[in-house]
**Student:** 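First, the structure itself, so that you have it in front of you.
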There are 2 protein chains.
Amino acid sequence: MRVLIVEDDPLHRSYLNEAVRAALPECETVLEADNGLSGELQARKLRAEHVVMDLQMSERNGIEAARTIWRERPDTKILFWSNYSDEAYVRGVARIVPEGATYGYVLKSASDERLKLALRSVFMESQCVIDREVRGIQQKNLGNAHGLSDAEYEILVDVALGLTDKAIAQRKKLSLRSVQNRLQQLYEKLDVYEIPGDGPEGWYNLRMRAVAVALLRKVLNASALERAERELRNSGGH
Amino acid sequence: MRVLIVEDDPLHRSYLNEAVRAALPECETVLEADNGLSGELQARKLRAEHVVMDLQMSERNGIEAARTIWRERPDTKILFWSNYSDEAYVRGVARIVPEGATYGYVLKSASDERLKLALRSVFMESQCVIDREVRGIQQKNLGNAHGLSDAEYEILVDVALGLTDKAIAQRKKLSLRSVQNRLQQLYEKLDVYEIPGDGPEGWYNLRMRAVAVALLRKVLNASALERAERELRNSGGH
DNA sequence: TCTTGTCCTGCGGGAACCCGCAAATTTTGC
DNA sequence: GCAAAATTTGCGGGTTCCCGCAGGACAAGA
């Protein structure tokens, strides 16, 4: 059994290394990569079936690396180990998990015990282990009281990239008006109309405000934007 | 001599602790705080004159903590120790450094040697030590080829918060047209007109696109937005 | 003093945005 | 198969944004 660790922070990497050795005595080799890109390459070259992956790395972030790894070997077991439980990350991971794949998501703030337990559960028992906090965020979005639907989230991303309504309509193959409808739903769900402080109604540019609120609530974050921007450029702009 | 470490990651905190003890044998006590708020409190209570400060912490980030510490004791020596050299951070730090204060800015990716050297230089020699990479970003903004002026940056932040042109005009005590002028400068400097891919001119909502580009280039980041949002709410919205 | 440069300001218009209303269409549940 | 519910689409208008043009205010320099 071999485990690949993908993590850019040296301290965290060596901590992980130790944790893996302690939790999985049956593990022969522990490999390391210090960014997403080299993580992909190593996983491919060494046929690693067990990966511990940090999110947010330079070069290529954990979500993208995981996606290509899973594309090549959907049965790879991946344990995500992240500082934050931003909705954007949670959503990003959920989007790329293949049918029936086993994975885990634990926060760096978790205790040693939790980490080791997760390592054993995911790698040995093929059991998914999602941190309680992360799980909470997942739930909130399905029980769509305030959470955004996928459709709404996609529109949000397009808006955040700076596309016009017309451009979005074309990308999404919708009429102009439909895009605007979805935008209005978005505005409601993000409480864009709630005005901090006083002043007349017209203090906010709604489309911009929606994105600001999404960023403040971590529904969106920089790495989600980067991903979307890259996709946009690849798809040639239309 | 006492040193206060403000850092939320336990691994990094203990690493720092060791580094401080190694670099500064004359140091009697090393204190620790695990978020910005308790950092402020400890600094006040213990009259720490030497602080190592992480940026981006929950509760209160390093820049805000440093500001209140410096407000109370402008001669405090602060060494910022950060993962990133986002322009937003660099600018945020520069904005709060008091006249003649001594501080440092080193990246977490720096070697042990660099860190220890910086510790000695800042705390013992009262000499400012700014990481080469960070310095580069500072320069770029003064030699205003592409860098944003402070005026432009402020407008950018207001736009990113979602304020309308009119609201910004009122906040900044300018005419509507002046705000729009500044916006146009912003659009130029951020290359908002450069279109990835093909398509007619009108693919982008310029105001939104400008913010997107700023985020992608790290001219803005989430914590800068949070700060601005808090200021906005405190100032009652006008 | 007279340029020259930079910044602020007002005017005007074309484009984009925001959204109420109502009809057409698709999806859902039974 | 049908009715209810949700989604999509078009129309029309009020508002905001984007920006070219041009006239003023103020400072620096010949």
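Letters go in sequence order (proteins before strands), and every chain restarts at 1. Quantities reported herein were computed from a predicted structural model and do not represent experimental measurements.
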**Student:** Would you mind reading off the bend of the helix from C:dT1-D:dA30 to C:dC30-D:dG1 from its two end axes, five pairs each, to 10 degrees?
**Tutor:**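 Between the first-five-pair axis and the last-five-pair axis there is 40°.
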**Student:** Does B:Tyr105 have any ring-ring contact (aromatic ring centres under 6.0 Å, His included) partners at least two apart in sequence or in another chain, and if so, which?
**Tutor:**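 Testing B:Tyr105 for ring-ring contact (aromatic ring centres under 6.0 Å, His included), a comparison that skips the adjacent residues, returns none.
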**Student:** Rounded to whole Å, please give me the gap between CD in B:Gln170 and P in D:dT16.
**Tutor:** 13 Å
**Student:** Nearest to the side chain of B:Tyr193, which nucleotide is it out of D:dC17, D:dC19, C:dG20?
**Tutor:**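 Looking only at heavy atoms from C-beta outward on B:Tyr193, the closest nucleotide is D:dC19.
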**Student:** Hey, does the side chain of A:Glu152 reach the backbone of A:Ser149 with a donor-acceptor pair shorter than 3.5 angstrom?
**Tutor:**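 Checked: pair present.
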**Student:** With sequence neighbours left out, what residues match B:Glu49 under side-chain contact (heavy atoms from CB on, under 4.5 Å)?
**Tutor:** B:Arg73, B:Asp75
**Student:** Of all heavy-atom pairs between A:Met53 and A:Ile78, which one has the smallest distance, and what is that distance?
**Tutor:**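 Minimum heavy-atom separation between A:Met53 and A:Ile78: CB-CG2, 4.0 Å.
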**Student:** Just the table, please: protein N/O against nucleotides 11-15 of chain D N/O, every pair under 3.5 Å.
**Tutor:**
| unit_1 | atom_1 | unit_2 | atom_2 | d |
| --- | --- | --- | --- | --- |
| D:dC11 | N4 | A:Arg177 | NE | 3.3 |

**Student:** For nucleotides 4-8 of chain C, list the nitrogen or oxygen atoms of the protein found under 3.5 Å from its nitrogen or oxygen atoms, one pair per line.
**Tutor:**
| unit_1 | atom_1 | unit_2 | atom_2 | d |
| --- | --- | --- | --- | --- |
| C:dC8 | OP1 | B:Arg182 | NH1 | 2.8 |
| C:dC8 | OP2 | B:Arg182 | NH1 | 3.3 |

**Student:** Between atom OH in A:Tyr187 and atom P in C:dG20, what is the gap in whole Å?
**Tutor:** 13 Å
**Student:** For A:Asp150 and D:dT7, what is the distance between atoms CG and P respectively, to the nearest whole Å?
**Tutor:** 13 Å
**Student:** Can you list everything that forms a side-chain hydrogen bond (donor to acceptor under 3.5 Å, both in side chains) with B:Tyr89? Sequence neighbours excluded, please.
**Tutor:** B:Gln56
**Student:** In whole angstroms, how far is the C1' atom of D:dT16 from the CZ atom of A:Arg207?
**Tutor:**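 To the nearest whole Å, that distance equals 12 Å.
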**Student:** Can you measure from NZ (A:Lys77) to CD1 (A:Ile69) and round to the nearest 0.5 angstrom?
**Tutor:** 14.0 Å
**Student:** For the CZ atom on B:Arg230, are there more than 12 heavy atoms of other groups (residues, nucleotides or ligands in this structure) within a distance under 6.0 Å?
**Tutor:**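 Count over threshold, so yes.
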**Student:** Please report, rounded to the nearest Å, how far the P atom of C:dC11 is from the CG atom of B:Asp165.
**Tutor:**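 After rounding, the gap between these two atoms is 17 Å.
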**Student:** Over all heavy atoms of both residues, which pair between A:Gly62 and A:Phe80 is shortest? Give the atoms and the distance, please.
**Tutor:** O-CE2, 4.3 Å
**Student:** With a 4.5 Å heavy-atom cut-off, do B:Asp191 and B:Val213 have their side chains touching?
**Tutor:** no
**Student:** Would you say CZ of B:Arg114 has more than 12 non-hydrogen atoms from neighbouring residues, nucleotides or ligands within 6.0 angstrom?
**Tutor:** no
**Student:** To the nearest 0.5 Å, what is the distance between CD (A:Gln170) and CG (A:Asp165)?
**Tutor:** 12.5 Å
**Student:** Between atom CG in A:Leu176 and atom C1' in C:dC17, what is the gap in whole Å?
**Tutor:** 9 Å
**Student:** Expressed as a whole number of angstroms, how long is the span from B:Leu163:CG to D:dC17:P?
**Tutor:** 10 Å
**Student:** Can you work out whether A:Lys173 or B:Leu183 has the more 5'-proximal nearest nucleotide on DNA chain D?
**Tutor:** A:Lys173
**Student:** To the nearest Å, how far apart are B:Leu206 CG and D:dC17 P?
**Tutor:** 13 Å
